[in-house]
**Student:** 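One structure, as structure tokens, below. Some questions next.
Order of appearance sets the numbers: ligands from 1, and atoms from 1 within every ligand.
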Amino acid sequence: MHVPGLTRSPHARVELKVNGRSVELMVSHAATLLHVLRNDLGLNGPKYGCGLGQCGACTVHVDGVAARACVIPAHGVAGRSVTTLEGLGTRDRWHPVQQAFEDAQAAQCGYCLNGMVMQAAALLAREPSPGEARIRGELSGNLCRCGTHVEILSAVQRAALRMSKGADS
Ligand code: FES
């Protein structure tokens, strides 16, 4: 049945890497990267918060750069390398930022955690020893409703120290 004004979104075949694995998908032109990661690939690390690119809950890495998956069209990452929270470390060996968040108990409800960890990990990958102001600035666009900011800051500082000492990479 044809409904005037309601057209089906065209699809495209997209090849990309997700957490180091090659993936090939048919995606709607309207589908966001977040939708495809969560609904098609079952990767629920990235969270749906605002859906507007404003809260950071959906943060992933695209070619190593922190990006908001809720506002990136899935077809826009063709040929790129996407890392989600699931691909940051392994079950046996967490990424130092993940370990630092656990050590610092830097979560209450935990909904912002994905974004905080992914944003911080991207920062430390390019700036191993950021100062407090730099960390605060980097995470200023990641919202936490519980007010866990002091513990989050402490966790990122802890991770930076650990990584700079070469305890992990
Ligand atoms: Fe993507 Fe809020 S859900 S920035």
Side-chain angles (χ1 to χ4, degrees), residues 9-12 14-21 23-89 94-98 100-102 104-127 130 132-157 159-160:
S9 176
H11 285 63
V14 170
E15 290 179 46
L16 69 156
K17 271 200 171 156
V18 179
N19 296 335
R21 292 179 54 191
V23 174
E24 189 174 331
L25 296 161
M26 286 298 288
V27 299
S28 157
H29 269 274
T32 64
L33 175 58
L34 180 61
H35 178 95
V36 167
L37 291 172
R38 290 180 58 87
N39 295 10
D40 296 327
L41 299 178
L43 295 167
N44 295 315
K47 298 288 182 281
Y48 184 94
C50 64
L52 298 169
Q54 295 178 352
C55 75
C58 64
T59 302
V60 297
H61 296 172
V62 177
D63 292 338
V65 177
R68 305 216 157 165
C70 71
V71 290
I72 297 175
H75 63 83
V77 293
R80 313 283 290 274
S81 181
V82 174
T83 304
T84 69
L85 188 67
E86 290 88 344
L88 199 60
W94 288 357
H95 185 282
V97 173
Q98 292 171 304
F101 271 70
E102 158 107 339
Q105 292 288 289
Q108 286 191 49
C109 84
Y111 206 78
C112 70
L113 211 56
N114 168 75
M116 296 291 184
V117 168
M118 296 305 284
Q119 193 77 37
L123 169 65
L124 297 185
R126 64 176 192 278
E127 282 182 50
E132 180 178 329
R134 183 75 185 94
I135 297 169
R136 284 178 180 270
E138 182 75 8
L139 296 181
S140 64
N142 290 74
L143 307 184
C144 168
R145 296 196 311 181
C146 304
T148 321
H149 302 90
V150 172
E151 288 80 6
I152 289 169
L153 176 62
S154 167
V156 179
Q157 290 173 314

**Student:** Does Tyr48 use its side chain to pair, donor to acceptor, with the backbone of Ala57 at less than 3.5 Å?
**Tutor:**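 A pair under 3.5 Å: no.
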**Student:** How long is the straight-line distance from CD of Gln54 back to SG of Cys70, given to the nearest 0.5 Å?
**Tutor:**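 So the SG of Cys70 and the CD of Gln54 are separated by 8.5 Å.
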**Student:** So how far is it from Asn114 CG to Gln98 CD, rounded to the nearest 0.5 Å?
**Tutor:**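 Between atom CG of Asn114 and atom CD of Gln98 there are 9.5 Å.
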**Student:** Verify, without hydrogens or angle tests, whether Glu86 (side chain) and Gly45 (backbone) share a donor-acceptor contact under 3.5 angstrom.
**Tutor:**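 Answer holds: yes.
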**Student:** If you round to the nearest 0.5 Å, how far is CD of Gln105 from CD1 of Ile152?
**Tutor:**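 These two atoms lie 12.5 Å from each other.
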**Student:** Just the protein N/O/S atoms under 2.8 Å from atom 1 (Fe) of ligand 1, please, no waters.
**Tutor:**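 Atoms qualifying: Cys58 SG, Cys70 SG.
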**Student:** What distance separates Leu124 CG from Gln157 CD, expressed to the nearest 0.5 Å?
**Tutor:**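 One finds 10.5 Å between CG of Leu124 and CD of Gln157.
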